[in-house]
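As a basis for the values below, the full set of heavy atoms in this structure was taken, side chains included, without hydrogen atoms, waters or symmetry mates. Labels below follow one simple rule: chain letters A, B, ... track the order of the sequence lines, proteins then strands, and each chain is numbered from 1.
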There are 4 protein chains.
Amino acid sequence: MSVEDKRVKRLPREVREKQILDAAVRVFSEHGYHEASMDEVSEVAGVSKPMIYAYLGSKEDLFAACIRREAGLLMEAIAGGVDPDLAPDMQLWMGLRSFFEFVASNKQSWRVLHRQVISQGGPFSEEVLAMRTRAINLVDALLSRVATKKGMDDHAQKSTEAMSAALVGAGESLADWWLDHPAVPTRTVASWLMNLAWMGFGDMVEGNVWTPSAH
Amino acid sequence: MSVEDKRVKRLPREVREKQILDAAVRVFSEHGYHEASMDEVSEVAGVSKPMIYAYLGSKEDLFAACIRREAGLLMEAIAGGVDPDLAPDMQLWMGLRSFFEFVASNKQSWRVLHRQVISQGGPFSEEVLAMRTRAINLVDALLSRVATKKGMDDHAQKSTEAMSAALVGAGESLADWWLDHPAVPTRTVASWLMNLAWMGFGDMVEGNVWTPSAH
Amino acid sequence: MSVEDKRVKRLPREVREKQILDAAVRVFSEHGYHEASMDEVSEVAGVSKPMIYAYLGSKEDLFAACIRREAGLLMEAIAGGVDPDLAPDMQLWMGLRSFFEFVASNKQSWRVLHRQVISQGGPFSEEVLAMRTRAINLVDALLSRVATKKGMDDHAQKSTEAMSAALVGAGESLADWWLDHPAVPTRTVASWLMNLAWMGFGDMVEGNVWTPSAH
Amino acid sequence: MSVEDKRVKRLPREVREKQILDAAVRVFSEHGYHEASMDEVSEVAGVSKPMIYAYLGSKEDLFAACIRREAGLLMEAIAGGVDPDLAPDMQLWMGLRSFFEFVASNKQSWRVLHRQVISQGGPFSEEVLAMRTRAINLVDALLSRVATKKGMDDHAQKSTEAMSAALVGAGESLADWWLDHPAVPTRTVASWLMNLAWMGFGDMVEGNVWTPSAH
DNA sequence: AATGAATGAGTTTTCATTCAT
DNA sequence: AATGAATGAAAACTCATTCAT
């Protein structure tokens, strides 16, 4: 009643910006970038449109700000859950768990991040692709350490980047699947992906590969 | 020069429909559904807008038609490359190769299919999600056969669906990565994903799983 | 089955024109001029649009042709029901009966005639107003004869035209009311209007008028 | 010159809404609903189209708003001119005078009200038919009082509704005729219709009816 | 700091009409 | 005689964006 009824006036900029971003994340996550309208954002935020433009800039800018903030939160959550002194496999494991935990408790954030991820070429590619690339690089770093240690040959090493991309995609897809199957516990989903990543990659590193010729 | 310069007149409906669909796939793949305008489609197709509406219906209908056609082609390509009498791993392998071959030679088709896949909630979710679901089910069928044969327990069996979703996501992501690294040969990319899928899943089926407690 | 299934080919012009006009009357009477589309007319007529344009001209022309034909039918029906040698009141009575009979058995014709009657300024004013004027003049002629005979003064005579307009409007409105109350027999409706016209006008002619001063 | 030349800026909503409605009434009365374009309304109103949609909704809504406003004015004018304590004939007389006075001084209002009245089936039938029905009921109430007092039999009583419809139609038609003959004074037109109504109906109530058999 | 008022520029969609066969 | 193919032109409507207060 108090929140919706009477618009609070004269708030400091910081607070207003947060209000607006919260509303924007909600609206973008519900309708997607294109179907979302600035009118709805302003309504949900309880703030007039000119304020949005004054504080956050154009619709595109606003979306970018959302992505940045939510991506930052996701990355923090993962980084916070991982101890960089642990062995790579434990790091991956902790990272995956943190990722799925984040998705579970921040569905809207996840949606807004993931929904437009694919749409290359759109007006916001940069923000979104940058974030995705960061994720891939993170995984790549871990995999590379393992590969190097095990003395993997050049060709195989070059593949870690591709594997990382594949794993990130697997994670995204699995997270989506999970949203439709909420009964599955976090650690179960995480362990599925962990196995896919670790065993699949591990075998490969060890030269234990599937080949058609074997058949 | 001849196709673009001078509008060919009075073509039979079939031909025009194909022209329009071709143009639509191109335009949608370049800009995405929302940024694409019917004006541009009509221009690229060399056909006036009323023809588009007369033959293919609304923008949404047109997009759905694109998805249906391209998804059909992709599925045909895969089905055509797979011999259902082979062992599951060989089927998966052939399927993956066909998939990547299709992506390589039909970049636009792939983009238009993949681009909007994530955007749940749009007006065309149905077409697009249906296609994705078909893909997941296909993989699931293969994985399940293996799991059953190896006497996997119930819990693990239940996971095949999730694994399939993850693998499809991995495939999509890897295909995207590949578009940026065209030097990599088809069979290499395919084998990477094959290993991830087969070895990762195979280990899991055999009870050879990674667990945090081991550390 | 035969009428709808297979378009009969190579019919003489007269027949085609009738087909088209029939369809047009039906379509116009159902949707009104503006909501009606040439596509629907052509479909209902079982004739391609170019034929319509070739035979009947533009949409406006087509509508005018409908009005002309139906108005002609109505006028014929009335004229055929009236014996010009009778006394004016009997002529009016017969005319009214014929009018209501026509409305009862040609609802579509009536609708297409009446519906757009009011819309002065539209593209078809002329046809439609001409028809209405003819009707008013017909009534006027009858009323004038009576007025003259009864030695009505100039001022009152001048009023017959106005009274005729009023009576035509009353007839239209009553016909509409009747369409919603089909249980009422034709002669009852006709007699209501007859009384309104004859007694009301008759009193007036005889100087038996209502005046506010009397109260 | 000042109103049309320079667009007055930043007016309160109320004022703009009135401006828009005024313009809409004018445009609709000139071209009718279908031929009128929102572009023209916006131009005449001196307001951009988005304002129209923001304040008054769709074209249909706008038209409905016009009808409602003008019908309200007409009804008020009539109600304001009638003393409900007077005898029925005086009420009818005062009502008719008020009606014609309104038509005389609000030609546009009358046109916009009357023009589409007939077009049943359009998207706005409801507004327009509702208004007409109100008018008919008003007359019916008066006529019924008389009929009851004079001990009219059931059958005849049932006819008052039809007579009311006829009289309303007569009034509409007469008003139209009058627009083309502006020299005739208001009270003359009103008295014509009054006589038609009162004497014609009065005779009927008294059993003084015209019958064909008398001839 | 904050907003109601306002719009330019675009979108999808439809329809009367005509050409080429 | 007859039509499938084709379009120019315009209509309703929306939205991101900004001005004046």
So B:H34 and A:H34, would you call those rings parallel, tilted or perpendicular, with 30° and 60° as cut-offs?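 Parallel: the ring planes of B:H34 and A:H34 meet at under 30°.
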
Per nearest nucleotide of DNA chain F, the residue lying toward the 5' end, A:A36 or B:P12, is B:P12

Judged by nearest nucleotide, the residue sitting upstream toward the 5' end of DNA chain F, D:S37 or B:Y55, is B:Y55

Rounded to the nearest angstrom, tell me the gap between atom [atom1] in [X] and atom [atom2] in [N].
X: D:E14; N: E:dG4; atom1: CD; atom2: P; result: 16 Å
X: C:Q19; N: F:dA2; atom1: CD; atom2: P; result: 9 Å
X: C:E40; N: E:dC15; atom1: CD; atom2: P; result: 10 Å
X: C:H34; N: F:dA10; atom1: NE2; atom2: P; result: 17 Å
X: C:E43; N: F:dG4; atom1: CD; atom2: P; result: 12 Å
X: A:I52; N: F:dC15; atom1: CD1; atom2: C1'; result: 13 Å
X: D:E17; N: E:dA6; atom1: CD; atom2: P; result: 11 Å
X: B:L62; N: E:dT13; atom1: CG; atom2: C1'; result: 13 Å

Selection from F:dA11, E:dA16, E:dA6 that lies nearest to any side-chain heavy atom of D:M51: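 Minimum distance to the D:M51 side chain belongs to E:dA6.
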
Parsed dot-bracket for DNA chain F after applying the Watson-Crick and G-U rules with both distances under 3.5 Å and | for other-strand partners is .||||||||||||||||||||

Axial cation check for C:Y33 ring with C:K59, 6.0 Å and 45° limits: yes

Check: Just checking D:R13: base, sugar-phosphate only, or nothing, at a heavy-atom cut-off of under 4.0 Å?
Finding: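 Touches sugar-phosphate only.
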
Quick one: does A:Q19's side chain get under 4.5 Å of A:L11's, heavy atoms only?
yes

With a 4.0 Å cut-off on N to O distance, would you call B:R13 and B:E17 a salt bridge? yes

Please list, for nucleotides 17-21 of chain F, all pairs of protein and nucleotide N/O atoms separated by less than 3.5 Å.
| from | atom 1 | to | atom 2 | distance (Å) |
| --- | --- | --- | --- | --- |
| F:dT17 | OP2 | A:Y53 | OH | 3.1 |
| F:dT17 | OP2 | A:K59 | N | 2.8 |
| F:dT17 | O4 | A:K49 | NZ | 2.5 |
| F:dC19 | O2 | D:R10 | NH1 | 2.4 |
| F:dC19 | O2 | D:R10 | NH2 | 3.1 |

Scanning both residues in full, the closest heavy-atom pair of C:V47 with C:I20 reads CG1-CD1, 4.2 Å

In terms of heavy-atom contacts, A:V112 and A:V25 come closest through CG2-O, 4.2 Å

Of A:E35, A:E40, A:M38, A:Q108, the one forming a side chain to side chain contact (heavy atoms under 4.5 Å, CB included) with A:V27 is A:E40

Throw together a table of side-chain donor-acceptor distances under 3.5 angstrom for residues 66-73 of chain A, partners on residues two or more places apart or in other chains.
| from | atom 1 | to | atom 2 | distance (Å) |
| --- | --- | --- | --- | --- |
| A:R68 | NH1 | A:E127 | OE1 | 3.3 |
| A:R68 | NH1 | A:E127 | OE2 | 2.6 |
| A:R69 | NH1 | A:D22 | OD1 | 3.2 |
| A:R69 | NH2 | A:D22 | OD1 | 2.8 |
| A:E70 | OE1 | A:S109 | OG | 2.4 |

Rounded to the nearest 0.5 angstrom, the OH-CG distance for D:Y53 and D:L62 is 8.5 Å

Legend entry - Short side-chain N/O contact from A:R16 to OP1 or OP2 of E:dA2, under 4.0 Å: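 So the side-chain polar atoms of A:R16 do come within 4.0 Å of the phosphate oxygens OP1 or OP2 of E:dA2, strictly under.
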
